[in-house]
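Keep in mind that this is a model prediction, so the values were computed, not measured. Indexing begins at 1, ligand by ligand and atom by atom, following the structure's order.
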Amino acid sequence: MNLKKHIAHHVRDIPRSGIRDFFEIVQSMKSVISLGIGEPDFNTPWHIREAAIYSLEKGRTGYTSNLGLPRLRESIATYVHANFGIAYDGQTEVLVTVGVSEAIDLALRALVNPGDEVLYHEPCYVSYSPSIVLAHGIPVSIPTFARDNFRLTAAELEKKITGASKVLMMNFPCNPTGATQTREELEKIASLCIRHDLIVLTDEIYSELTYDGAQHLSIAALPGMRERTIFLHGFSKAFAMTGFRIGYACAPAILTEAMMKIHQYGILCASSTAQDAAIEALEQGAPDVENMRREYELRRNFVVSSFNEIGLDCFKPFGSFYVFPSIAATGLTSQEFSYRLLKEKSVAVVPGPAFGASGEGFVRACYATSLDQLKTAMVRIAEFVAETRAASAAA
Ligand SMILES: Cc1ncc(COP(=O)(O)O)c(C=O)c1O
């Protein structure tokens, strides 16, 4: 039986994630230092795990409201107001989701009609383009460049806007580049969005992880933007809660209601245990986030200077826990560099094109791993680059 022909075409034609394929190889190898998967190496802070345990002990194991526990929604509204300066009504404008992943999917499915164009900056998180296709939209990538420290510029955005453009997806601090936006550039982007009546999805998942005193600014906080923005955030990165699978979307009630309908029929509600843990994270977790952030900042400083000393140009990102060095100096493609580094030195980094074609010539290294491991990894990368250069000089 030819089962393949029964698969919906738009699903069949989506490529598998390049990262997943690469990490299947990594997992089959012994003693690899992985700078690959974008996951905190910290355990979820103990008091947050305890809140999950108590939740189970108290028998809080039923469905919650589709929107999420009222207390969690209120805590989210308070947190977003305090940290981002944007006011949402916890009862009607906040939806608790299964990670930011679900929130992205809901937002796109709630907004996109077949044939609508969805703009996103590239290199970007691996799920953006496939999520747009799954929502029957047309992905339109906007390149970002090393020369601009991978900022999205209004000038590049404007080039890609057409009569069919409906949504702009943004993620700053950015996975995979670590890029952040300046207020000036964000204001220009906001004014384009208003002029062209675009809805913005802003994925703020790394917003707590900013460095050098940089103040994160969400586009949703700019004048005229709250009403046209879906603000997506979650607990996976800053609170080290990836496995809890908990996130949220904040937006004007009419948009929240549209997303809630899809969530209600597809998911019903996020896990009650995870929701109780999330309340604890928001209400008591700020010192843990700050401790982890400080540790990431030290690691970032080390990794950026090491890459530059090795001769792989790397800009110093102000956010997230990724660096995106150029590997052009080795003469290898991103794929060759990553596979050979893995095979010859047992260090895993992700080839840049996994985040879109414009990632060619770069690799992503995640520094959410201990400083000791990072030091060993950088020694091995230095050896690999020196050996590669010596071999090409001899050829
Ligand atoms: C930019 C970005 N958005 C969303 C996600 C998914 O987050 P969650 O674990 O909340 O689903 C990730 C995970 O790596 C990410 O990097």
Side-chain angles (χ1 to χ4, degrees), residues 17-20 22-23 34-42 44 48 68 72 76 79 94-108 118 120-132 134 139 141 144 150 152 167-181 200-210 216 218-219 230-250 259 263 266-267 270-271 274-275 277-278 281-282 285 289 296 317 319-324 350 352 354-356 359 364-369:
S17 160
I19 297 198
R20 290 285 147 208
F22 188 66
F23 280 96
S34 179
L35 312 184
I37 292 278
E39 175 154 31
D41 59 320
F42 297 105
T44 306
I48 299 175
L72 176 55
I76 290 168
Y79 182 84
V94 177
L95 171 65
V96 178
T97 58
V98 180
V100 174
S101 303
E102 193 215 350
I104 293 169
D105 182 50
L106 294 179
L108 288 168
V118 179
Y120 64 98
H121 50 91
E122 199 198 85
C124 69
Y125 179 47
V126 289
S127 87
Y128 285 6
S129 174
S131 299
I132 297 165
L134 289 172
S141 64
T144 59
F150 293 103
L152 169 64
V167 176
L168 168 65
M169 294 178 77
M170 293 177 61
N171 166 230
F172 295 102
C174 178
N175 174 8
T177 60
T180 46
Q181 288 295 104
V200 176
L201 306 189
T202 181
D203 177 345
E204 307 273 346
I205 194 163
Y206 296 101
S207 57
E208 288 86 355
L209 305 179
T210 55
H216 176 72
S218 170
I219 193 163
I230 301 182
F231 176 99
L232 311 174
H233 202 355
F235 297 82
S236 288
K237 311 293 173 166
F239 294 96
M241 291 174 66
T242 46
F244 281 84
R245 310 306 307 125
I246 189 105
Y248 52 93
C250 304
M259 290 187 283
H263 172 77
I267 300 283
S271 137
Q275 291 192 53
L282 288 181
V289 172
Y296 290 136
S320 80
F321 42 50
Y322 308 105
V323 288
F324 205 60
V350 183
F355 308 97
R364 186 191 78 175
C366 172
Y367 50 86
T369 192

Contact table ligand 1 N or O to protein N or O, d under 3.5 Å:
from     : atom 1 : to     : atom 2 : distance (Å)
ligand 1 : 3 (N)  : Asp203 : OD2    : 2.6
ligand 1 : 9 (O)  : Ser236 : OG     : 2.7
ligand 1 : 9 (O)  : Arg245 : NH1    : 2.8
ligand 1 : 10 (O) : Val100 : N      : 2.7
ligand 1 : 10 (O) : Ser236 : OG     : 3.3
ligand 1 : 11 (O) : Val100 : N      : 3.3
ligand 1 : 11 (O) : Ser101 : N      : 3.0
ligand 1 : 11 (O) : Ser101 : OG     : 2.5
ligand 1 : 11 (O) : Arg245 : NH2    : 2.7
ligand 1 : 14 (O) : Lys237 : NZ     : 2.6
ligand 1 : 16 (O) : Asn175 : ND2    : 2.7
ligand 1 : 16 (O) : Tyr206 : OH     : 2.7

Check whether Asn171 reaches the backbone of Pro173 with its side chain - one donor and one acceptor, N or O, closer than 3.5 Å.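 Looks like yes, one N/O pair under 3.5 Å.
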Could you tell me whether Phe150 and Phe324 have their ring centroids closer than 6.0 angstrom?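 Between Phe150 and Phe324, the centre distance is under 6.0 Å.
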Does some side-chain heavy atom of Arg245 sit less than 4.5 Å from a side-chain heavy atom of Ser101?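 Yes, side chains in contact.
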Beyond-backbone contact of Pro40 with Thr242, side-chain heavy atoms, under 4.5 angstrom: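 In short, these two side chains touch, coming nearer than 4.5 Å.
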Looking at Tyr322, Phe42, Tyr206, which one forms a ring-ring contact (aromatic ring centres under 6.0 Å, His included) with Tyr296?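 It is Phe42, the one option of Tyr322, Phe42, Tyr206 that forms the ring-ring contact (aromatic ring centres under 6.0 Å, His included) with Tyr296.
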With sequence neighbours excluded, tell me which residues meet ring pair (Phe, Tyr, Trp, His ring centres under 6.0 Å) with Tyr125.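 Per chain and number, Tyr125 pairs via ring pair (Phe, Tyr, Trp, His ring centres under 6.0 Å) with Tyr128.
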